[in-house]
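Comments concern the structure below.
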There are 2 protein chains.
Amino acid sequence: MYYTISQLAEQFDISTRTIRYYEERGLISPIRTESGQRLYTKKDRAVLKLILRGKRFGFSLEEIHEMISLFDNDRTGRKQLEKTIAYGEQKLKEVTERIEDLMQLKQEMESILADFRERLQKMEGTK
Amino acid sequence: MYYTISQLAEQFDISTRTIRYYEERGLISPIRTESGQRLYTKKDRAVLKLILRGKRFGFSLEEIHEMISLFDNDRTGRKQLEKTIAYGEQKLKEVTERIEDLMQLKQEMESILADFRERLQKMEGTK
DNA sequence: ATTTTAATTTACGTTTACGTAAAAGTCAAG
DNA sequence: CTTGACTTTTACGTAAACGTAAATTAAAAT
């Protein structure tokens, strides 16, 4: 039902310190046993996964924090909901731009590689 | 013909310190005037652009350094060329994975946004 | 020619994202 | 019940990527 901190650490191959640090920064909020030990739910696990993915994209923990609040805050008021949608659209745009940017990089890398392979071909011919 | 450091800094909206730091780390190598001032060519500018793009993708300066050496090192020997190609293929794979990862994130964000928009619709109905 | 603006090196400071160690309490196994 | 593995908080340490300030020199503008 619940995960301990070291179980999660092992699953994601990160340190317990890292997980506690994310908590310090307000990114994750496990419940506690009466004795004070942290217990993580499936949802907490999902949040952690989100954090790590965000990191791979080069987002700062601060940015990730904002993005997470998109998910779990119950945006009840209409105004709040509108603001959330606007923010989400903005982030979506950023992600889309990043994808395009990355695809361009991929193209460039492919053409450079093609060039190198060609050169190698010619060398094989001579030697 | 040449750019000064502050021209580049302005063009890319970064500090001159940042550019000098990249030089410290061996990522960029401008020529100098007799008095010691840095002069940047178009190629230097292109490298700087590459660096900044790499950063947006969350690559460290160290990784970017390696990737840059792909471009400007004249890999003359066959062995060298093979190594370079292998490294390039590896990096290309990483980039491809990142793109896929990002596209998945995009999908998730879109579905969350769709959900929010739906909620908003229902609220407009009642109020 | 002299201000003003820009550049250089040197060097210490700062933030982010953790690592690491210590001291103390807790849980699980034998 | 004790040993050992795990967890907690507190706190200092660290690497990366710059920021910032000082002292000096050079270039551009008036």
Side-chain angles (χ1 to χ4, degrees), chain A residues 1-41 44-45 47-69 91 94 98 101, chain B residues 1-41 44-45 47-69 91 94 98 101:
Chain A
M1 194 59 190
Y2 291 110
Y3 302 99
T4 76
I5 194 165
S6 54
Q7 282 172 345
L8 282 190
E10 195 185 349
Q11 285 177 36
F12 291 109
D13 195 32
I14 56 180
S15 72
T16 57
R17 174 70 176 94
T18 297
I19 299 177
R20 290 197 194 93
Y21 180 67
Y22 293 160
E23 184 177 347
E24 272 183 52
R25 300 292 307 271
L27 293 173
I28 195 169
S29 306
I31 57 167
R32 302 291 187 117
T33 68
E34 57 202 61
S35 69
Q37 273 177 272
R38 293 169 173 83
L39 290 181
Y40 298 85
T41 66
D44 291 327
R45 206 192 104 105
V47 168
L48 186 53
K49 204 171 178 179
L50 246 164
I51 296 170
L52 297 176
R53 189 163 55 182
K55 292 227 64 194
R56 286 202 302 281
F57 303 145
F59 289 115
S60 72
L61 291 184
E62 187 55 35
E63 287 175 296
I64 295 170
H65 189 181
E66 284 178 354
M67 297 181 74
I68 283 176
S69 62
K91 281 293 161 189
E94 284 175 33
R98 258 185 215 220
D101 221 5
Chain B
M1 193 60 187
Y2 291 112
Y3 301 99
T4 76
I5 194 166
S6 52
Q7 282 171 347
L8 282 190
E10 194 186 350
Q11 285 177 36
F12 291 108
D13 195 32
I14 55 180
S15 72
T16 57
R17 174 70 176 96
T18 296
I19 298 177
R20 291 197 193 94
Y21 179 67
Y22 293 159
E23 184 177 347
E24 272 182 52
R25 299 292 307 272
L27 293 173
I28 197 169
S29 306
I31 57 168
R32 301 291 187 118
T33 67
E34 57 203 60
S35 69
Q37 270 177 272
R38 292 168 174 84
L39 289 182
Y40 298 86
T41 66
D44 291 327
R45 205 193 105 105
V47 168
L48 185 52
K49 205 170 177 179
L50 246 164
I51 297 170
L52 296 176
R53 189 163 55 182
K55 291 228 66 195
R56 285 201 302 281
F57 303 145
F59 289 116
S60 72
L61 290 182
E62 187 54 36
E63 287 175 296
I64 295 170
H65 190 179
E66 284 178 353
M67 296 180 75
I68 283 176
S69 62
K91 281 293 161 187
E94 284 175 33
R98 260 185 216 218
D101 221 6

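Side chains included, hydrogens not; waters and symmetry mates left out as well; all remaining heavy atoms used. Chain letters run A, B, ... following the sequence lines, proteins first and then strands; every chain starts at 1.
Note that the first and last nucleotides of DNA chain D, 5' to 3', having any atom under 4.0 angstrom from a heavy atom of chain A are dC6(D) to dA11(D).
Listed by residue number, R17(B), R20(B) are the residues of residues 14-21 of chain B with a heavy-atom contact under 4.0 Å to DNA chain C. At a non-hydrogen distance threshold of 4.0 Å, nothing from residues 4-12 of chain A comes into contact with DNA chain C.
For S29(B), there are no side chain to side chain contact (heavy atoms under 4.5 Å, CB included) partners two or more places apart in sequence or in a different chain. Taking E23(B) as the reference, I28(B), P30(B), R32(B), R38(B), Y40(B) meet the side chain to side chain contact (heavy atoms under 4.5 Å, CB included) condition, with sequence neighbours excluded. E24(A) pairs by the salt bridge (charged side-chain N to carboxylate O under 4.0 Å, His left out) definition with R17(A), not counting sequence neighbours. Taking Y2(B) as the reference, nothing meets the side chain to side chain donor-acceptor pair (under 3.5 Å) condition, with sequence neighbours excluded. With sequence neighbours excluded, the residues satisfying side chain to side chain contact (heavy atoms under 4.5 Å, CB included) with Q11(B) are Y3(B), Q7(B), L8(B), R45(B).
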Would you tabulate the nitrogen or oxygen pairs shorter than 3.5 Å linking the protein to nucleotides 26-30 of chain C?
{"from": "dC27(C)", "atom 1": "OP1", "to": "S35(A)", "atom 2": "OG", "distance (Å)": "2.8"}

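Rounding to the nearest 0.5 Å places CD1 of I31(A) at 8.0 Å from CG of D44(A).
The end-to-end axis angle of the helix from dA1(C)-dT30(D) to dG30(C)-dC1(D), rounded to 10 degrees and based on five pairs per end, is 20°.
Take the nearest nucleotide of DNA chain C for R32(B) and for F59(A): the residue whose nucleotide is more 5' is R32(B).
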